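What you see is a predicted model, and the numbers here were worked out from it, not measured in a lab. Chain naming here is simple, since letters A, B, ... match the order of the sequence lines and numbering starts at 1 in each.
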Amino acid sequence: MKSQSNNGLKIEGLSFAYGAKQALDDISLTIAPGTFCALLGPNGAGKSTLFALLTRLFTTAEGRITIGGHDLAKTPRAALAQMGVVFQQTTLDLDLTIRQNLRYFAALHGLSGREASRRIDAALDQLDLTARASEKCRTLNGGHKRRTEIARALLHSPSFLLLDEATVGLDAATRADITAHVHALAAEKNLTVLWATHLTDEVEDHDQLAILHRGQLLTSGRTAELRQSQSLSDYFLSLTSEPA
Amino acid sequence: MTLRPYLTAMTAIVAREALRFIHQRERFIAALVRPLVWLLVFAAGFRAALGLSITPPYQTYITYEIYIVPGLCGMILLFNGMQSSLSLVYDREMGSMRLLLTAPLPRWWLLLSKLLGSTLISILQCYAFLFIAWAFDITLPPWGYVTAFPALLIAGLMLGALGLALSSFIKQLENFAGVMNFVIFPMFFLSSALYPLWKMAESSRLLHDICAANPFTHAVELIRFALYADFNLQALGWTLLATAAFGALAIWGYDPSRALIRRKKGG
C-alpha cells in the first residue's frame, strides 16, 4: 500500500452500457504522473459512469483501467490503495468532527494509532484546517467541507487523485482557491489528478484536457494546443454543441 | 496477508455506527417506543383473550407479556436491520457507502463490518428494552440476559443482511413504504412473535405452514429459547442458513460486476 510506484492513470478501450443505452464507448485516456487532467463534459456525457468505473462502484468487461501500475480489475485493492477520491456529493459524516472523519477514513485504509495521527496532522496542515480540526462538519462552510474531503483523500498518500465536480456549489473565490490548490498538489507532489468539471475557467493552459461527449472521448491533449487562439469555452462549445 | 488492516477497518466502521447512533437519540427513543407500546398496551389488552399452554422453553404458565418479549426483541432487530440498511438508499448515505467501498479491502468484509456495526447497535436497544420490561416486572432468568446475546447477534445479522440485500435492489427511497408493507409487516405478523405457532394452526393450517417457513419465526424462537438460557438447535440452524442466504444475496447485490447499485445518474 505504501509503494509509491507512480505510473499515472491508463484507461484503455473502456465501454459501458446500461442495458441498451451505451454510456461509454471505447474510451482510452492516459494521464502521466504529476499531470492535472481536466475532464470536461456536458451533463449526460458519461462522466458519472466513468467515475463509477474508476472507483469500482461497478465494473465492466470491456476495457482496462490501470492506476499507478495496478490493474483495477485484476488487483482492485492495490489499485484502490493508490487512489484518493473526492465525490461530487459530500461524503462527510456531518455529526462528526473533521478529525473524526479523517480518522475513520484512515482506518478504512488500515492506518491507525500514531501513524494515522501523524498523517492526519500533516493533511490538516496542508489544507489549512488545523484550527478547525475539532469542529463538527455540519458547522463548516462548503469550501471547508471540500478541503476536508481533499485532505481525507490524501491521507493514504495516493498517487492518483480523482475529483468529481469538486467545486460544485462553491462561491467564485473558494472555487478558484480549491482549483489552485489541487493544481499545486499535482505539481508539488507529483500527483496524477483527474478533475471532472463543466466549468472551463477551472482549466489552465498547461493542463491536460479531455473532452467527453455522449459517451465518447472527443479529444485529449494539452489545453493550450487544443484550443489554440479560441477561448476554451468556445472551443468546448464548438466540439459539443448540437447542430441547429 | 495480515489481519491488521481488516480489524482496523472493522473497528472503525463499528465505531462510526456507534457514533452515528449517539447523535441520533430520536432514533433510539423511537426504536424503543414501538416495542414498548406493544408490550405495555397491546399485550396488556390481549392477555385476557389469549390462553397460553406450557410449551418449551417455558416451564410454567406464562402471561402474554412474557410471551411476546422475544418477539419484540425480534421486532427491534427487524426494524433496525431494515432501517439502517435502507438508509443506504438515501443518496447522502449512498455517498458514504461509495466512500466505504473505495477502501482497499474485500467488499464482503466491508459489508460484514457495516452489518456488525448496525447489529450491535440494535442489540443495545434490545437490552434497553429488556431493562424497561424488567422495570415493569416482566423478568427473565438472570442467565437469560447473557445467553440471549449470541442469539440476538445471529438474528440481527440475518435481518441486517436481508436489509442490505434489499438496499442493493431498491432504487428509490419511496420504496421504503413497499418494504414496510411487503417485507416488515408480513415477516412480523406471519411469525411466532405475537402468537405461538400451535395457536396459529388452530385457525389455519396454511398460515401455520407459512409462519413455520418464515426465517423470522426461527430468529424469534432462537431468541426465545436463549432468553431462558435454553437452546433450540432447529431455530439456530434455520437462522444461520437464512443469514448465509441473505448475506450471499447482499454480496451478490453489491458485486461491482452486477452494477446493481448504480443509481439513476445521467452524467
Side-chain angles (χ1 to χ4, degrees), chain A residues 1 16 18 23 41-53 55-61 73 76-85 87-96 100-101 103-113 116 136 149 152-153 156 162 164-165 196 198 212, chain B residues 1-27 87-88 90-110 113-114 117 168 171 253-267:
Chain A
M1 187 165 73
F16 188 85
Y18 295 98
N43 292 331
K47 277 189 306 216
S48 294
T49 306
L50 180 61
F51 272 68
L53 290 170
T55 54
R56 208 171 165 269
L57 181 67
F58 42 88
T59 55
T60 173
R77 286 157 56 194
L80 287 172
Q82 288 292 318
M83 181 170 66
V85 193
F87 290 104
Q88 190 174 343
Q89 291 149 325
T90 176
T91 54
L92 293 169
D93 204 321
L94 298 179
D95 291 318
L96 304 188
Q100 283 171 327
N101 267 292
R103 192 161 273 286
Y104 168 67
F105 185 78
L108 290 184
H109 281 262
L111 300 165
S112 62
K136 280 197 178 173
E149 290 188 299
R152 181 177 65 182
H156 56 295
L162 185 63
D164 188 2
E165 304 203 3
H198 56 264
L212 194 66
Chain B
M1 185 187 88
T2 156
L3 270 178
R4 208 184 146 79
Y6 284 73
L7 294 177
T8 304
M10 180 178 265
T11 312
I13 294 167
V14 171
R16 177 177 177 270
E17 289 290 323
L19 279 173
R20 263 159 53 86
F21 171 72
I22 292 168
H23 290 116
Q24 298 184 348
R25 259 161 255 151
E26 324 78 59
R27 214 180 100 190
S87 70
L88 292 173
Y90 276 113
D91 264 353
R92 185 168 52 83
E93 252 303 291
M94 202 60 211
S96 72
M97 190 66 176
R98 281 187 73 168
L99 183 80
L100 178 70
L101 296 180
T102 61
L105 288 167
R107 201 164 272 200
W108 65 266
W109 179 261
L110 298 169
S113 301
K114 186 150 178 71
S168 71
K171 300 281 176 243
Y254 276 90
D255 181 337
S257 65
R258 310 241 171 262
L260 279 168
I261 34 177
R262 65 183 178 221
R263 308 281 137 172
K264 67 244 180 240
K265 296 289 149 63

Practice problem: Mind checking the CZ-CG spacing from B/R20 to A/L94? Nearest 0.5 Å is all I need. | Solution: 10.5 Å
Quiz item: Residues in side chain to side chain donor-acceptor pair (under 3.5 Å) with A/R56, at least two apart?
Solution: none
Quiz item: Rounded to the nearest 0.5 Å, how far apart are CG of A/D93 and CG of B/L19?
Solution: 8.0 Å
Exercise. Go through A/G113, A/A107, A/A116 and name the one with the most non-hydrogen pairs under 4.5 angstrom from chain B.
Key: A/A107
Self-check item: Contacting moiety of B/L100, where chain A heavy atoms sit under 4.5 Å
Solution: both
Self-check item: With sequence neighbours excluded, residues passing side chain to side chain donor-acceptor pair (under 3.5 Å) with B/T8
Solution: none
Quiz item: Where does A/F87 contact chain B at under 4.5 Å (heavy atoms): side chain, backbone, both or neither?
Solution: side chain
Quiz prompt | Choice from A/H198, A/E165, A/R152 maximising heavy atom contacts with chain B below 4.5 Å | solution = A/R152
Quiz item: What part of B/I22 lies closer than 4.5 angstrom to a heavy atom of chain A: side chain, backbone, both or neither?
Solution: neither
Quiz item: Do B/R98 and A/T91 have side-chain heavy atoms sitting under 4.5 Å apart?
Solution: no
Exercise. Would you give the length of the straight line joining atom CZ of B/R4 to atom CG of A/L111, rounded to the nearest 0.5 angstrom?
Key: 10.0 Å
Self-check item: Leading residue by heavy atom contact count with chain B [cutoff under 4.5 Å; candidates A/S112, A/A106, A/A73, A/A61]
Solution: A/S112
Quiz prompt | Any B/L99 side-chain heavy atom under 4.5 Å of A/V85 side chain | solution = no
Quiz prompt | Residues A/F58, B/D255; criterion side chain to side chain contact (heavy atoms under 4.5 Å, CB included); working and verdict | solution = CA-CA 7 Å; A/F58 42 88; B/D255 181 337; over 6 Å; no
Exercise. List the atom of B/A103, the atom of A/L108, and the distance in Å for their closest heavy-atom pair.
Key: CB-O, 3.6 Å
Self-check item: Contact origin within A/Q100 toward chain B - heavy atom pairs under 4.5 Å
Solution: side chain
Self-check item: Leading residue by heavy atom contact count with chain B [cutoff under 4.5 Å; candidates A/L96, A/T60, A/L212]
Solution: A/L96
